[in-house]
Q: 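Can you read through this structure? Questions will come right after.
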Amino acid sequence: MIDIRLVREDPERVRASQRARGEDEGIVDAILAADEARRSSLTEFERLRAEQKSFGKQVAAAKGEEKAALVAQAKATSDKVKQLQASADTASEDLDALVRRLPNVIEEGIPSGGEDDYAVLETVGAPRDFAAEGFEPRDHLELGELLGAIDMERGAKVSGARFYFLTGVGARLELAILNLAIAQAIEHGFTPMITPTLVKSDVMHGAGFLDAHADEVYRLDDDDLYLTGTSEVALAGYHADEILDLSDGPKRYAGWSACYRREAGSYGKDTRGIIRVHQFQKVEMFSYCRPEDAADEHQRLLGWEREMLAKIEVPYRIIDTAAGDLGGPPARKFDCEAWVPTQGRYRELTSTSNCTTYQARRLGIRERDPNSEKGTTRHVATLNGTLGTTRWIVAILENHQQADGSVVVPEALRPYVGLDVLRPA
RNA sequence: GGAGGUGUCGCAUAGUGGCCUAGUGCGCCCGCCUGCUAAGCGGGUUGAGGAUAAAACCUCUCGCGGGUUCAAAUCCCGCCACCUCCGCCA
């Protein structure tokens, strides 16, 4: 949710953001009208309510017949107050519903357009030339099966399509990635967190995951709970309805959790292997910071992602996601995509978003405004970014494979895997 | 799952239908006093929204949501959280 005051004060900026996203800009005028309607009905209600209250004191003081007369008189006001309150409530709800439909206002200067309109900011490292090395690279699943690391067949037997078992060195490799990520996060001052993966609907809503992509989310109907697709949700809800002290800098958490995604609408895409699955594990950075510090914090999160990618020694590129591909909460999003040799293209390994005050506003996360002498509050900014996921196994296996099907473990992972080379069983 | 209890302004507490515009103590902030500190004295101290050039001011907020009433922290219903006990279970 964005600040209604921004719509009032700078509607053109909001319209421009909607245009860049390829979304309806007429909603801005609808919001302005609804805001006007809310304020006038609120004023009307408050005026009569004040009248009712002062009249109530006269009733309390009166006795006998006089009191009976006053009570009768007060009755009429009471009905009218109820009516006005009802219409003021309706007007507020109407405005709220409209404002909640509005995605975050984009950071100025990011690319306009949709999925394919991203800008490549940087390419790091070069893909290996397997032809020059004299062998055809195997894809991650073939390697995974050869190494006894990935079992898709039994995953499907037990849970259906897009489920899998990580076995033996596969399980060790996943734990290694996640533990390396947690270790790095701790080193940089993050608080490690193991989060709930079932959350209430208001937290799911607040984090912004039930708007455009609600069909991506698993829902437990009997309990009115949702399975989270990332620990970002629980970490955003962690400080809901609190006033934080950010005077010592951002509050940074590293969440470790299983992640669940329905992958509705991706039938036929990435059906092979563990690139696109219903359940995986992730270590996610999450930061609460001051709004004016958010863009810098975003760069810091990106920096920590790059540090992790350097440790697994894979070629990758960084893209600046186009406005129309952001989703509701982010104002800007950087993805790091690793080279996947057998696909001949880059695939997302990390994603870092600056949600500015969008999530915090919905979740009621505030701080004392350092610019205010009266100690008023304001909403904080929230950001998130990936430090490691199950999918990283794909990039590691394919980029570090050798002609005999063995895989060299990147040095930084070796203490966590406990092996220098993974060899076919 | 069942029974009982509790939920008030940062903390502790008072408040059983109108005098609550929610009192008091502690803590915290500002000031006075004072060689310094403490004590003492005076004032301030939930959050949200509206109004305003800014204020004064107005409305809402006593776990959350409904209801009764001219009037609700107070009465009624539902929900949630916590505590105690019983049962069941990893």
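In what follows, chains are A, B, ... by sequence order, proteins preceding strands, each numbered from 1.
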Q: Just jot down the side chain to side chain donor-acceptor pair (under 3.5 Å) partners of A:E305, sequence neighbours excluded, or say none.
A: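 Result, side chain to side chain donor-acceptor pair (under 3.5 Å) vs A:E305: A:T350.
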Q: Determine the Euclidean distance between corresponding C1' atoms of B:G42 and B:U46; express it in Å to zero decimal places.
A: 23 Å
Q: Expressed in whole Å, how much space separates the P atoms belonging to B:A14 and B:G25?
A: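 Going atom to atom, P in each nucleotide, I get 15 Å.
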Q: With rounding to the closest Å, how many angstrom separate the P atoms on B:U59 and B:U21?
A: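 Nearest-Å result for B:U59 against B:U21 at atom P: 10 Å.
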Q: Only pairs under 3.5 Å count here: list side-chain donor-acceptor contacts from residues 196-207 of chain A, not counting sequence neighbours, and write none if there are none.
A:
{"from": "A:H205", "atom 1": "ND1", "to": "A:S201", "atom 2": "O", "distance (Å)": "3.3"}

Q: Counting any heavy atom closer than 4.0 Å, what does A:R361 reach on the DNA or RNA strands: base, sugar-phosphate only, or nothing?
A: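 Nothing, no heavy atom under 4.0 Å.
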Q: Expressed as a whole number of angstroms, how long is the span from A:L84:CG to B:G50:P?
A: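 Distance check: A:L84 CG to B:G50 P gives 18 Å.
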Q: In terms of side-chain geometry, is the basic nitrogen of A:E216 or A:R261 positioned less than 4.0 Å from the acidic oxygen of its partner?
A: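 Answer for the salt bridge query: no.
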Q: Do A:F190 and A:Y253 have ring centroids that are under 6.0 Å from one another?
A: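 For A:Y253 and A:F190, the ring centres are not under 6.0 Å apart.
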Q: Is the shortest side-chain N/O distance from A:R38 to OP1 or OP2 of B:G50 below 4.0 Å?
A: yes
Q: Are A:R138 and A:E398 within salt-bridge range, i.e. N to O under 4.0 Å?
A: no
Q: Relative to each other, are the rings of A:H278 and A:F163 parallel, tilted or perpendicular (30° and 60° limits)?
A: tilted
Q: When rounded to the nearest Å, what value does the distance between C1' atoms of B:C62 and B:U6 take?
A: 15 Å
Q: Determine which nucleotide pairs with B:A48, using a 3.5 Å limit on both distances of a Watson-Crick or G-U wobble pair.
A: B:U59
Q: Write down the partner of B:C20 under the Watson-Crick or G-U wobble criteria, each distance required to be under 3.5 Å.
A: none
Q: Over how many whole Å does the gap from A:R39 atom CZ to B:A48 atom P extend?
A: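 Distance check: A:R39 CZ to B:A48 P gives 18 Å.
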Q: Quote, to the nearest angstrom, the P distance that separates B:C77 from B:U68.
A: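 It works out to 15 Å between them.
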Q: Judged by each residue's nearest nucleotide on RNA chain B, which is more toward the 5′ side, A:R8 or A:R366?
A: A:R366
Q: Does this structure show an ion pair linking A:D296 with A:R300, if we count only N-O contacts that are shorter than 4.0 Å?
A: no
Q: Expressed in whole Å, how much space separates the C1' atoms belonging to B:A71 and B:C19?
A: 14 Å
Q: Quantified in whole Å, what is the P atom distance between nucleotide B:G7 and nucleotide B:C76?
A: 14 Å
Q: Does any nucleotide pair with B:C82 by Watson-Crick or G-U wobble geometry, both distances under 3.5 Å, and what is it?
A: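 Matched B:C82 with B:G5 under the 3.5 Å cut-off.
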Q: Does a side-chain N-to-carboxylate-O contact under 4.0 Å join A:R252 and A:E297?
A: yes
Q: So, are A:R162 and A:E263 salt-bridged, with charged N and O less than 4.0 Å apart?
A: no
Q: Partner of B:A71 by Watson-Crick or G-U wobble geometry, both contacts under 3.5 Å, or none?
A: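 B:A71 is unpaired by these criteria.
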Q: Given that both distances must come in under 3.5 Å, which nucleotide forms a Watson-Crick or G-U wobble pair with B:G25?
A: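 Pair assignment: B:G25 / B:C11.
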Q: Searching all strands shown, indicate the nucleotide that pairs with B:C89 (Watson-Crick or G-U wobble; both distances under 3.5 Å).
A: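 Across any shown strand, B:C89 pairs with none.
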Q: Which whole-number value in Å describes the distance from A:I4 CD1 to B:A48 C1'?
A: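 Computing the A:I4:CD1 to B:A48:C1' distance gives 15 Å.
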Q: Where along nucleotides 59-81 of chain B does protein come under 4.0 Å, by heavy atom, of base (B) or sugar-phosphate alone (S), with - for untouched nucleotides?
A: BS---------BS----------
Q: Need the pair for B:G31. Rule: Watson-Crick or G-U wobble, both distances under 3.5 Å, any strand; none if unpaired.
A: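 Per the H-bond distance test, B:C41.
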Q: Just to be sure I understand the rule, does A:R378 reach a base, reach only the sugar-phosphate, or reach nothing, if contact means heavy atoms closer than 4.0 Å?
A: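 It contacts nothing in the nucleic acid.
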Q: Without decimals, in angstroms, what is the distance between A:M1 CE and B:A48 P?
A: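 It works out to 13 Å between those atoms.
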Q: Among B:A48, B:G47, B:G50, which nucleotide has an atom closest to any side-chain atom of A:I243?
A: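 Minimum distance to the A:I243 side chain belongs to B:G47.
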Q: Please state the P separation for the pair B:G2 and B:C88 - nearest whole angstrom.
A: 15 Å
